[in-house]
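Take a look at the structure below.
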Amino acid sequence: MLQQTRVRAVIPYYEKFLRRFPTPQALAQAAESEVLALWSGLGYYWRARRLQLAAQAIGAAPAFPGTYAELRALPGIGGYTAAAVASIAFDAAHAAVDGNVLRVIARVTNDASDTGAGVTRRRFQAIADSWLEAAQPGTFNQALMELGATVCLPRAPLCTACPLSGVCRARAAGTQAQLPVKLGAAKPRAVDVQVVVACKPGYVLLGQRAAGEPRLAGFWELPEPARLPAATPLEPVARVRHAIVNQLFRVTVLRCGPVRAPRGYRWIAADEAARLPLTTLTRKALACIN
Ligand code: SF4
């Protein structure tokens, strides 16, 4: 859940998810639609699908995967997550390098290489491995991540409170603000879209994306105006913004009265809709109407 998402946004989802799926077996056996419904609003839904695949792989394994290599082989687990779980849960000596740790390394070593480049990442991983406190790898990894998240801040690092200030080369050189360097980070492309909330007391008009869709397959969403040609007038009631990877959706939410459901859409009772996997954009649009 924490991949590409802030802790504060994750906590309510994490708690709800663990209440419903307290074991890998519970998650492995659940219907995918229920898993996606509990994840709905958190975005990056491939994480939920792969987490369920990982739970199924864990269920089929003779024992819970406990080594870096076993964890790395699970669906959805990359080098960083495998190192974090292996070190924190199993005391295995692997350095976990996330964005916060990259920033600390770039500054402590005063290295202006492009952190988006694979060669830099491999070098920074090697530096983190060389720093790792092998007797307490989990504590070390959490300390370095926390230092990056709370002290070595992206815009205004708190150098006077930093335990590494005595060895930090960027601080000595006064270059903290210019590090880390990330070249070629594309600005998100703005996309204007409109969605319609058709109003009928206690119901919402939704359509389900086809199972074969490359994105958000099986998710439920609000119609666009073109699907409701008979819906007039369409009254703009809100604007929401929604970022996905390198796109920024600028969404105008329109409202109309009851209409005939077009093909592929149906009126769904509001309490049932709340249990469906809704796209994050739909969830945001409905929240501003409610
Ligand atoms: S001294 Fe400043 S720039 Fe260096 S690691 Fe600490 S907070 Fe970051």
Side-chain angles (χ1 to χ4, degrees), residues 1-14 42-44 47 67-68 71-72 76-188 243-246 248:
M1 283 181 173
L2 286 168
Q3 290 169 348
Q4 314 198 28
T5 308
R6 292 179 187 281
V7 173
R8 194 186 300 173
V10 160
I11 287 172
Y13 286 88
Y14 174 79
L42 201 52
Y44 300 109
R47 296 178 299 181
T67 67
Y68 175 88
L71 290 161
R72 185 77 178 76
I77 305 280
Y80 160 69
T81 306
V85 175
S87 62
I88 295 168
F90 300 106
D91 270 338
H94 288 275
V97 180
D98 66 357
N100 289 320
V101 174
L102 278 179
R103 184 168 58 254
V104 173
I105 294 172
R107 287 173 171 170
V108 169
T109 60
N110 198 23
D111 189 328
S113 305
D114 175 17
T115 53
V119 63
T120 309
R121 286 176 171 261
R122 286 191 287 279
R123 190 169 67 255
F124 280 21
Q125 178 71 53
I127 291 169
D129 287 336
S130 73
W131 289 355
L132 188 71
E133 169 58 60
Q136 296 186 65
T139 304
F140 175 89
N141 281 333
Q142 290 178 81
L144 208 53
M145 288 189 247
E146 198 67 8
L147 185 82
T150 62
V151 179
C152 194
L153 301 169
R155 291 217 176 84
L158 308 174
C159 298
T160 52
C162 177
L164 299 181
S165 61
V167 296
C168 179
R169 291 184 191 165
R171 188 182 188 214
T175 53
Q176 311 93 304
Q178 288 121 54
L179 297 170
V181 171
K182 186 161 186 190
L183 302 174
K187 215 174 146 205
I244 303 177
V245 193
N246 55 358
L248 175 64

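Order of appearance sets the numbers: ligands from 1, and atoms from 1 within every ligand.
Nearest protein heavy-atom contact of atom 6 (Fe) of ligand 1 is Cys162 SG, 2.3 Å. Closest to atom 2 (Fe) of ligand 1, if we only count protein heavy atoms, is Cys159 SG, 2.4 Å. Ranking protein heavy atoms by distance to atom 4 (Fe) of ligand 1, first place goes to Cys168 SG, 2.4 Å. Looking only at protein heavy atoms, the nearest one to atom 3 (S) of ligand 1 is Gln176 CG, 3.4 Å.
Here the side chain of Arg171 pairs no donor or acceptor atom with the backbone of Cys162 at under 3.5 angstrom. Proximity of a side-chain donor or acceptor of Ser87 to a complementary backbone N or O of Ala84 within less than 3.5 Å is detected. Judged by distance alone, with hydrogens and angles left aside, the side-chain atoms of Gln3 form no donor-acceptor pair with the main-chain N or O of Ile77 at under 3.5 Å. In this structure, the side chain of Ser165 does not engage the main chain of Thr160 through any donor-acceptor pair within 3.5 Å. The backbone N or O of Val85 lies less than 3.5 Å from no partner atom in the side chain of Asn141, so there is not a single donor-acceptor pair.
Residue Cys152: no N/O/S atom is found under 2.8 Å from atom 4 (Fe) of ligand 1.
Interface atoms of ligand 1 facing Arg107, defined by a heavy-atom separation under 4.0 Å, are 3 (S). Remark: ligand 1 atoms within the under-4.0 Å shell around heavy atoms of Ser165 are 1 (S).
Across all non-hydrogen atoms, the minimal contact from Gly148 to Val104 is CA-CG2, 3.7 Å.
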